[in-house]
Amino acid sequence: MTDSQHDAGAQDAGARGDAERLRRRSATSESGHTRILAYPPYPEALAVPCYDNHTHLEIEDGEEDERLTLDEHLAAAVASGVKGVVQVGNDVPSSRWSARVAATHERVLAAVALHPNVVPELAAAGTLEDAIAEIDRLAAEPRVRAIGETGLDYFRTPEKADQLLQVEAFERHIGLAKQHGLAMQIHDRDAHDDVISTLKRVGAPERTVFHCFSGDADMARIAAAEGWYLSFAGTVTFKNAASLREALSVTPIERILVETDAPFLTPVPFRGRPNAPYLIPVTLRAMAEHLGIAVDALSAQVASNTEAVYGSWHQAPGQGALAGDLTSDERETA
């Protein structure tokens with residue numbers, strides 16, 4: 001996830017009365033410009049369905065009268081050939097939301113974790129241990145299939161003491177993934193070397209995914225040698241992302257995943273507008289064109305890779321302690 005969600009413009013979506021959303025994305029970009037809030041048009045549907053490896057549907061975006069509900073997001077995704085999503089938490093409220101939605105929606109699996117940038121805040125407040133304990137509890141839910149997004153972010157956290165807190169929390173999350181037998185989704189921003197060294201020192205989970213991969217071809221080769229998965233977002237379509245496309249070229253096809261990181265990182269030609277799982281075909285087609293392979297073949301392989309990481313979406317929802325609708329208390333405290 002990009003750090004835009006943590007900016008001062010993020011608002012509580014409760015003002016709209018939409019009980020299924022936790023936050024509202026700011027209408028202003030990080031650079032201070034007003035964003036185009038209209039959702040992009042629907043792309044041609046994938047003939048061979050695929051998955052969205054990483055999305056944040058708890059965050060509301062779009063024009064006031066055109067915002068998509070959770071169910072509308074999922075229906076639009078299916079209509080575009082996206083048969084399931086991994087809904088990702090980044091703090092305790094969003095991890096609870098993700099786990100609960102996965103427990104009640106057949107198209108959703110969940111990942112739960114503390115984003116590296118919230119770790120120093122939690123430590124300063126004296127609540128980090130309680131937060132990690134809650135992630136541990138949520139990780140036991142049957143439709144929670146990954147610990148994430150966890151990792152290191154030195155772009156937003158330049159202070160060395162806070163970076164050390166991130167490393168320690170990352171190690172704890174790695175331990176949770178292995179303890180629960182789950183995959184792990186990594187957030188890595190300006191911290192490539194330390195992320196890799198931590199994984200090698202502690203021992204990476206069997207199914208490790210670099211969400212929104214941002215490294216170069218050399219890093220992709222290292223990941224491939226370790227058997228890690230690389231998930232490519234809309235950034236791979238950006239004009240200035242030649243090094244990222246080079247990384248895609250050297251990644252074994254059986255280690256490639258695709259994601260939106262919605263509502264962020266919308267692919268070209270819709271960059272800056274709200275992103276959503278239904279736009280996966282735009283990124284996937286750009287990847288297939290760059291790789292020189294058929295879209296159907298890439299979609300089939302990426303779908304197979306995604307199921308290898310997270311298992312089947314077909315386990316019936318409604319199981320586990322979190323099955324049921326969000327409670328009013330959880331909505332109020334989110």
Side-chain angles (χ1 to χ4, degrees), residues 1-6 10 12-13 20-25 51-61 70 73-74 84-105 107-119 121-122 127-153 166 169-170 172-177 179-180 182-189 205 208-212 231 233 259-264 277 309-310 317 320-323 326-327 330-331 333-334:
M1 172 181 208
T2 65
D3 299 288
S4 305
Q5 75 177 82
H6 297 296
D12 183 359
E20 290 200 340
R21 314 307 281 282
L22 299 187
R23 300 180 181 92
R24 179 177 298 170
R25 187 184 179 192
Y51 297 97
D52 183 351
N53 172 71
H54 185 112
T55 192
H56 298 279
L57 295 179
E58 83 281 5
I59 303 174
E60 190 178 61
D61 200 1
L70 172 64
H73 268 297
L74 296 175
V85 306
V86 181
Q87 161 62 33
V88 180
N90 58 85
D91 55 18
V92 168
S94 61
S95 291
R96 286 173 175 162
W97 191 93
S98 300
R100 177 63 60 83
V101 166
T104 55
H105 290 74
R107 302 288 181 178
V108 182
L109 296 179
V112 298
L114 307 175
H115 189 286
N117 287 332
V118 308
V119 167
E121 301 169 9
L122 294 170
T127 58
L128 180 58
E129 288 302 317
D130 287 344
I132 291 176
E134 179 65 1
I135 298 302
D136 184 13
R137 184 186 73 82
L138 293 170
E141 287 293 315
R143 290 182 66 84
V144 171
R145 303 290 179 82
I147 297 295
E149 61 189 277
T150 180
L152 304 176
D153 188 321
Q166 287 190 355
F170 184 26
R172 300 278 295 278
H173 281 77
I174 293 171
L176 288 177
Q179 172 189 329
H180 289 278
L182 299 177
M184 183 174 68
Q185 288 203 12
I186 294 173
H187 173 101
D188 167 24
R189 190 170 187 186
T208 293
V209 177
F210 278 79
H211 130 70
C212 189
S231 183
E259 66 176 75
T260 58
D261 199 17
F264 310 102
V309 174
Y310 304 108
L322 292 180
L326 287 167
T327 68
E330 283 175 329
R331 291 196 295 270
T333 59

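What you see is a predicted model, and the numbers here were worked out from it, not measured in a lab.
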Short N-O contact, Arg100 and Glu58, less than 4.0 angstrom:
no
Note, Leu128 side chain near Glu121 side chain (heavy atom, < 4.5 Å):
no
Taking the side chain as C-beta and beyond, is there a heavy-atom pair between Val88 and Ser98 under 4.5 Å?
no
Please tell me if the side chains of Pro277 and Leu57 come closer than 4.5 Å, counting only heavy atoms from C-beta onward.
yes
Just so I know, are the side chains of Ile59 and Phe264 near enough to count as touching, which here means a heavy-atom distance under 4.5 Å?
yes
Does the side chain of Glu129 reach to within under 4.5 Å of the side chain of Arg172, using non-hydrogen atoms?
yes
Does the plane of the ring in His211 sit parallel, tilted or perpendicular to the ring in His187? Use 30° and 60° as the thresholds.
tilted
Would you find a donor on one side and an acceptor on the other, under 3.5 Å apart, between the side chain of His180 and the backbone of Leu176?
no
Taking Ala102's backbone N and O only, do any of them form a donor-acceptor pair with Arg143's side chain (distance below 3.5 Å, no angle check)?
yes
Atom CG in Asp153, atom CD in Glu149: separation rounded to 0.5 Å?
9.5 Å
side-chain contact (heavy atoms from CB on, under 4.5 Å), that's the test. Do Val85 and Arg107 meet it? Break it down for me.
CA-CA 6 Å; Val85 306; Arg107 302 288 181 178; 5.8 Å; no
Using distance alone, with no hydrogens and no angle criterion, decide if Asp91 and Ser94 have a side-chain donor and acceptor under 3.5 Å apart.
yes
To the nearest 0.5 Å, how far apart are CG in Asn117 and CD in Gln166?
5.5 Å
So, Arg145 side chain and Tyr310 main chain: donor-acceptor pair closer than 3.5 Å or not?
yes
Output all residues satisfying side-chain hydrogen bond (donor to acceptor under 3.5 Å, both in side chains) with Asp188, sequence neighbours left out; order by chain, then residue number.
His192
How long is the straight-line distance from CD1 of Ile174 back to OG1 of Thr208, given to the nearest 0.5 Å?
7.5 Å
Spell out, as yes or no, whether a donor-acceptor pair under 3.5 Å connects the side chain of Ser95 to the backbone of Ala113.
yes
Would His54 and Gln185 count as having a side-chain donor-acceptor pair, cut-off 3.5 Å?
yes
Working to the nearest 0.5 angstrom, can you tell me the gap between Leu74 CG and Gln87 CD?
9.5 Å
Here the gap from Thr127 atom OG1 to Asp130 atom CG, rounded to the nearest 0.5 Å, amounts to 7.0 Å
What is the minimum heavy-atom distance between Gly151 and Pro116, and which atoms define it?
O-CB, 3.2 Å
Find the distance between CZ (Phe170) and CD1 (Ile186) and round it off to the nearest 0.5 Å.
4.0 Å
Non-hydrogen atoms of Ala110 and Val86 that approach each other most closely:
C-CG1, 4.4 Å
Just to verify, which of Leu122, Ile147, Asn90, Thr150 counts as forming a side chain to side chain contact (heavy atoms under 4.5 Å, CB included) with Leu114?
Leu122
List the steps, then state whether side-chain contact (heavy atoms from CB on, under 4.5 Å) holds for Trp97 with Leu70.
CA-CA 12 Å; Trp97 191 93; Leu70 172 64; 4.2 Å; yes
